[in-house]
Every structure is written in structure tokens, then in C-alpha cells.
Amino acid sequence: MRRWNYLGFSLLVFATQAGQLPLTVNQIGLMLRAGYSSNSLMHELSTRHFADTVDETNEKTLVKAGASAELIAALKSGIYSLSPGKTAAVQQQIAAEEQRRAEQSEASRKSEAAYQARVMRERSPKPAPIGPDVNFGTISEFLKGDLVQMHNGAPSHVDDGALANKKLLAFYFSAQWCGPCRKFTPQLVDYYKRVAPEHPEFEIVFYSRDRSLFAMEKYMREENMPWPAIDFRDLKTRKFWLKMRVREFPRSFW
């Protein structure tokens with residue numbers, strides 16, 4: 001233990017005097033690829049020294065990086081090499097430094113990922129707020145007495161408790177005069193007929209933007225709408241579409 005403490009202290013003094021740690025094969029290869037010449041590296045080695053060995057694999061690495069035969073021979077000769085003890089201590093210090101950098105890099109990556117996730121959450125569109133008197137917990141009370149549904153081609157009032165057990169409501173804002181609505185409504189009818197029997201907690205409520213009661217009823221009748229609608233005569237007193245910020249059709253809110 002005392003011997004390693006002495007080597008560590010000697011290495012610290014050596015590194016302080018030299019200004020940088022001794023070089024390894026990997027570092028020499030990187031420097032060659034960065035544009036250092038073999039002669040400049042030998043000058044660098046004369047002050048920083050060499051803390052590695054040149055076996056067959058390392059020699060191939062140096063040749064591939066562009067090392068001259070003179071540089072490789074000098075490294076093999078050991079004229080730039082540290083003592084075995086100092087070499088081992090340097091390699092331990094280099095490994096510790098690489099580990100520290102890897103941990104810093106991983107911490108930085110996690111920090112950046114957390115930051116990007118927070119930015120995405122902040123930029124995600126938020127749903128339009130619903131007025132304090134309109135929430136899905138009290139929607140059946142809000143629409144009590146206002147719902148109608150087509151039966152045998154004529155509208156009739158829906159039972160006040162029709163929405164009491166519904167957990168998922170879709171408000172469909174549409175109109176007979178709206179071309180895109182007329183194209184989309186048959187698709188919605190088909191979807192409803194497939195899904196509603198399997199999910200009794202689901203319901204659609206039609207909110208007409210038609211200009212007359214006649215147009216609304218004609219639209220419901222022609223499209224065979226199987227869901228309830230808010231009575232046309234109550235629409236003007238129920239400014240529900242303003243609370244939902246509806247500006248275009250067709251449109252639905254869940």
C-alpha cells in the first residue's frame with residue numbers, strides 16, 4: 001500500500017511538472033489522425049513520456065493511424081517509456097478519468113432528456129376549459145329536459161335519466177348546410193352503431209348549428225342519427241358552444 005501511495009505521489013509530481021499525463025497508444029493514434037506528425041509526437045513524448053506497450057495489436061493501430069516506422073521503433077525501444085510501476089499508476093488514473101467523463105456524459109444526457117420532455121409537455125396543446133357550470137360530472141343535470149331523439153321520423157323528448165350512467169360523452173357540433181358535415185356524419189353513424197352496443201357507458205349528443213328547427217330535424221331524419229340531440233328551441237339559451245369555443249364544423253368534444 002505504501003509503495004502505491006509513493007507511486008501515486010510521484011505520478012502527481014510528474015504530471016504537474018510535465019503539465020499533462022503521459023501518452024498512450026490510443027492518444028497517439030488520435031493525435032496522428034488530428035494532424036500531428038510523427039516527428040512532432042516524438043518531441044511531445046520527450047516531455048510527456050509513454051505509459052503503454054506496443055504489442056502486435058497496438059502496432060497495427062499505430063500504423064493505421066499513420067505512425068512512421070521511426071516513431072514505432074522509438075516506442076518499442078522504451079526510450080520514452082515510464083517505469084512499469086509508474087505506467088500502471090498512469091493507466092489507473094486514465095481509466096478513472098474516462099469513468100468520470102462517462103458518468104458526466106450520462107448525467108448530461110439524462111438532464112437533456114428531462115429538459116426536452118418538460119419542453120414537450122409545456123408545448124402540448126391544452127384542452128379548452130369548460131365553464132364552471134358545465135362538467136361531465138353534472139352533465140345530465142345540465143341537459144335535463146333538453147334532449148330529443150328521432151322516433152318513427154319525428155322528434156320526441158328523451159327520458160331525463162338517459163345520461164345518468166354515461167361516463168363518456170361526445171358532443172357533435174354539426175349542421176345540415178355544412179358539406180363536410182354531411183360527408184362525415186354517415187361515418188359517425190356507422191361507428192356509433194358498432195361501438196355503442198358494446199359500450200353502454202358511451203353516448204353522443206348532437207348540438208345543431210342549423211338555422212331552423214325544420215333543417216335540424218330534416219338532417220337528423222335523413223342521416224338516421226341514433227343519438228340524442230339538444231332541443232333546437234333550447235339552443236339559444238344554452239350557449240354551450242361558446243363555452244366549448246367551437247369555431248368550425250364538424251367538431252366533437254369528448
Side-chain angles (χ1 to χ4, degrees), residues 113 116-254:
Q116 292 296 337
R118 180 169 61 82
V119 170
M120 291 300 295
R121 287 195 301 270
E122 291 174 353
R123 291 180 178 177
S124 297
K126 296 178 175 58
I130 301 174
D133 60 333
V134 183
N135 58 75
F136 293 116
T138 60
I139 200 67
S140 59
E141 290 297 321
F142 178 73
L143 295 176
K144 193 172 183 178
D146 293 342
L147 297 180
V148 296
Q149 195 162 4
M150 299 302 291
H151 288 289
N152 299 321
S156 61
H157 274 278
V158 175
D159 182 85
D160 287 342
L163 300 182
N165 297 320
K166 303 299 181 181
K167 297 180 180 179
L168 180 62
L169 297 177
F171 287 89
Y172 181 42
F173 295 78
S174 184
Q176 191 271 343
W177 51 262
C178 170
C181 299
R182 297 298 298 270
K183 292 180 180 180
F184 174 72
T185 301
Q187 300 176 41
L188 186 60
V189 170
D190 289 342
Y191 173 81
Y192 182 90
K193 289 180 178 178
R194 292 197 314 271
V195 173
E198 299 177 2
H199 299 277
E201 73 280 8
F202 165 67
E203 187 59 274
I204 293 176
V205 176
F206 174 44
Y207 192 113
S208 174
R209 298 302 296 143
D210 286 299
R211 300 183 177 93
S212 67
L213 174 61
F214 173 78
M216 172 183 166
E217 293 180 353
K218 182 173 182 290
Y219 186 26
M220 294 175 65
R221 188 182 305 110
E222 289 178 347
E223 300 297 342
N224 294 313
M225 293 186 186
W227 47 72
I230 299 176
D231 194 322
F232 187 83
R233 286 162 292 199
D234 294 326
L235 290 176
K236 290 185 179 181
T237 60
R238 297 286 193 182
K239 296 297 184 180
F240 195 56
W241 69 283
L242 290 175
K243 298 177 185 294
M244 301 296 279
R245 298 182 181 179
V246 177
R247 297 291 184 271
E248 55 187 21
F249 311 102
R251 188 73 180 270
S252 63
F253 284 91
W254 300 76

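These figures come from a predicted structure and were not determined experimentally.
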* To do: Please lay out, stage by stage, how V148 and F232 fare under the test side-chain contact (heavy atoms from CB on, under 4.5 Å).
  => CA-CA 9 Å; V148 296; F232 187 83; over 6 Å; no
Euclidean distance, [Y] [atom2] relative to [X] [atom1], rounded to 0.5 Å:
| X | Y | atom1 | atom2 | answer |
| --- | --- | --- | --- | --- |
| E217 | R221 | CD | CZ | 6.0 Å |
| E222 | T185 | CD | OG1 | 11.0 Å |
| K167 | L169 | NZ | CG | 12.0 Å |
| Q176 | F214 | CD | CZ | 8.5 Å |
| Y172 | C181 | OH | SG | 5.0 Å |
| L147 | D231 | CG | CG | 9.0 Å |

Backbone of P200 reached by a side-chain donor or acceptor of K166 within 3.5 Å: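 At least one qualifying donor-acceptor pair exists.
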Q) Has the side chain of E201 got a donor or acceptor atom that lies under 3.5 Å from a matching backbone atom of N165? A)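 Here the side-chain-to-backbone pair does not exist.
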Ring pair (Phe, Tyr, Trp, His ring centres under 6.0 Å) with W227: of Y192, F202, F206, only one passes, and it is Y192
* Identify the heavy atoms of M216 and A229 that sit nearest to each other, and give their distance. =>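 The pair with the smallest heavy-atom distance is CE-CB, 3.7 Å.
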Query - Closest heavy-atom pair and its distance - R182, A175 - result: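 Nearest pair, atom of R182 first, then A175: CD-O, 4.5 Å.
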Are S174 and Y219 close enough that some pair of their side-chain heavy atoms sits under 4.5 Å apart?
-> yes
